[in-house]
Amino acid sequence: MPVEPLNETPSQTAGPYVHIGTYPSSAGLNVRTQEKPNVLAAASTKGERIRIEGAIYDGAGSIVTDAMIELWQADADGKFPGIWGRAVSDFKTGLWFFETVKPGATRTKAGAAEAPFATLMVFARGINIHLHTRMYFADETAANAADPTLKAVAEPHLQKTLLAARATRDGQTVYRFDIRLQGEGETVFFDI
Amino acid sequence: MENGEFYRRDRAWHPPGFSLDYRSTSLRSPRRALLSLGQSPADLSGPVFGHGMLDPLDHDLIRNFGTGDEAIGERIVVHGRVIDQNGRPVPNTLIEIWQANAGGRYRHVRDGYVAALDPNFGGCGRVLSDAEGKYAFRTIRPGPYPFRNNGSDWRPAHIHISLFGQAFAQRLITQFYFEGDPLIAKCPIANTIRDRAALDMLVAKLDLENQGPFDHLTYRFDIVLRGRRSTFFENRPEGN
């Protein structure tokens, strides 16, 4: 018999009430109300302040209003362990956001330069195993052109699903990143 | 030393994105194949949570809603071990749980099920595994409840559980069920998992010997997260 590792515990959907366990105040519970897991830049955090926001669309183009989104990114120096965050889609508008700092450029294990990016994971009702994607910064044109992951994605119309556009609103830098779960403009999701 | 990449996720062992009988998947499952990537430092690292963030009652859902009174229902303790695919403990990892109350009702602004809320039950808890990967929490057994799917389908009693592991590549959110529940075999969500042996990993087993005498029943639920490859000889002339 060949050597077989143990089987991983299988995934199940996080369900429509994912908020209770992961962001209880958003579900209406009066617990852990001091925790703001989507506000990640403290006064002492080094780096350029940015807001990342977006909406999630389903295969019919409807906005998903019950998702939970996690973020994992390098700090401003490109170092890990980095910055972790968690946001939920607004129950009415579907908009989610993180207040964070722009991550620094990182390197793969083999030493290749990676463009700055944030890993995002989507958990929701109807998603049997979380979806893993990466958000890149559209204004990092040169770094993006050399990034090994974006190169692996190859086709420009697919690469586009991973790029967040930079804008300024009320003096704040905002990157917009919409996620399309299915169909036209479907976001590239990864098997890592 | 296990410092290589994590083993590939067996996507046939996990439920597929689209499951005909679980209708919510029909518009929320990607149509394109996932893109396979090598793992980078972002995937090989993850957030670290410490005891500092935990409240002493976070692992006691019978009392942690903070009213001073106890939740109604069948009192249970759930315990187990978090290990990886190589059988090694996953220590100090954050475990988050959420569940319905004994009547099958969630304390959530969007749950309109007719069953009553329990004024003393929130349904939210968390705990860190110890140095050997062991964890335990106290709660009440949640009730089954109906959901709109193929008409009125019923969820078996279940508890949602979220694990971080030691790297983001190990991230897992799942649900576990209770041994002997006839609704498991009928549940379209449980049955998104195609392999019977895989589903059986999500069934907590009655652990009668570890009951709290005259107080609570105990269930055992062990969790396996992705394992890591060894990197033999890599910059290690002495081997590993």
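A, B, ... follow the sequence lines: proteins, then strands. Residue 1 opens every chain.
- At a 4.5 Å heavy-atom cutoff, A:R180 makes no contact with chain B through either its backbone or its side chain.
- Residue A:I20 touches chain B through both its backbone and its side chain, counting heavy-atom pairs closer than 4.5 Å.
- Heavy-atom distances place the side chain of A:E114, and not its backbone, under 4.5 Å from chain B.
- Your options are B:E96, B:Q39, B:H160, B:R171, and the one with the most heavy-atom pairs under 4.5 Å with chain A is B:R171.
- Contacts of A:T187 with chain B are made by backbone atoms alone, with heavy-atom separations under 4.5 Å and no side-chain atom involved.
- Two rings, from A:F117 and A:Y136, have their centers less than 6.0 Å apart.
- Contacts between A:I83 and chain B at a heavy-atom distance below 4.5 Å are absent for every atom of the residue.
- If you measure heavy-atom distances from A:L131 to chain B, the contacts under 4.5 Å come from the side chain alone.
- Contacts of A:I192 with chain B are made by both backbone and side-chain atoms, with heavy-atom separations under 4.5 Å.
- Each of B:L35, B:L34, B:V109 has some count of heavy-atom pairs under 4.5 Å with chain A, and the biggest count is that of B:L35.
- Comparing B:G122, B:A198, B:A42 by heavy-atom pairs within less than 4.5 Å of chain A, the highest count is held by B:A42.
- A:T100 is linked by a side-chain hydrogen bond (donor to acceptor under 3.5 Å, both in side chains) to A:Q73, counting only residues two or more places apart in sequence or in another chain.
- Using a 4.5 Å cut-off between heavy atoms, A:V3 does not touch chain B at all.
- Between B:W154 and B:F147, a ring centre-to-centre spacing not shorter than 6.0 Å is recorded.
- With a 4.5 Å cut-off on non-hydrogen atoms, A:F190 touches chain B through its backbone and its side chain both.
- Side-chain contact of B:D43 with A:T119: a donor-acceptor pair under 3.5 Å is absent, judged by distance alone.
- Between chain A and the options B:M201, B:R110, B:R107, heavy-atom pairs under 4.5 Å are most frequent for B:R110.
- Residue contact with chain B, scored on non-hydrogen atoms closer than 4.5 Å, involves the backbone and the side chain of A:V153 alike.
- Both the backbone and the side chain of A:F91 come within contact range of chain B, with heavy atoms under 4.5 Å apart.
- A donor-acceptor contact shorter than 3.5 Å links the side chain of B:Q175 to the backbone of A:T13.
- Highest contact tally toward chain A, considering only B:A167, B:A197, B:A190, is held by B:A190 [criterion: heavy-atom pairs under 4.5 Å].
- Considering only heavy-atom pairs separated by less than 4.5 Å from chain A, the leading option among B:S40, B:A100, B:G46, B:G17 is B:G46.
- Contact annotation for A:T106: neither backbone nor side-chain heavy atoms come within less than 4.5 Å of a heavy atom of chain B.
- Only the backbone of A:P16 comes within contact range of chain B, judged by heavy atoms closer than 4.5 Å.
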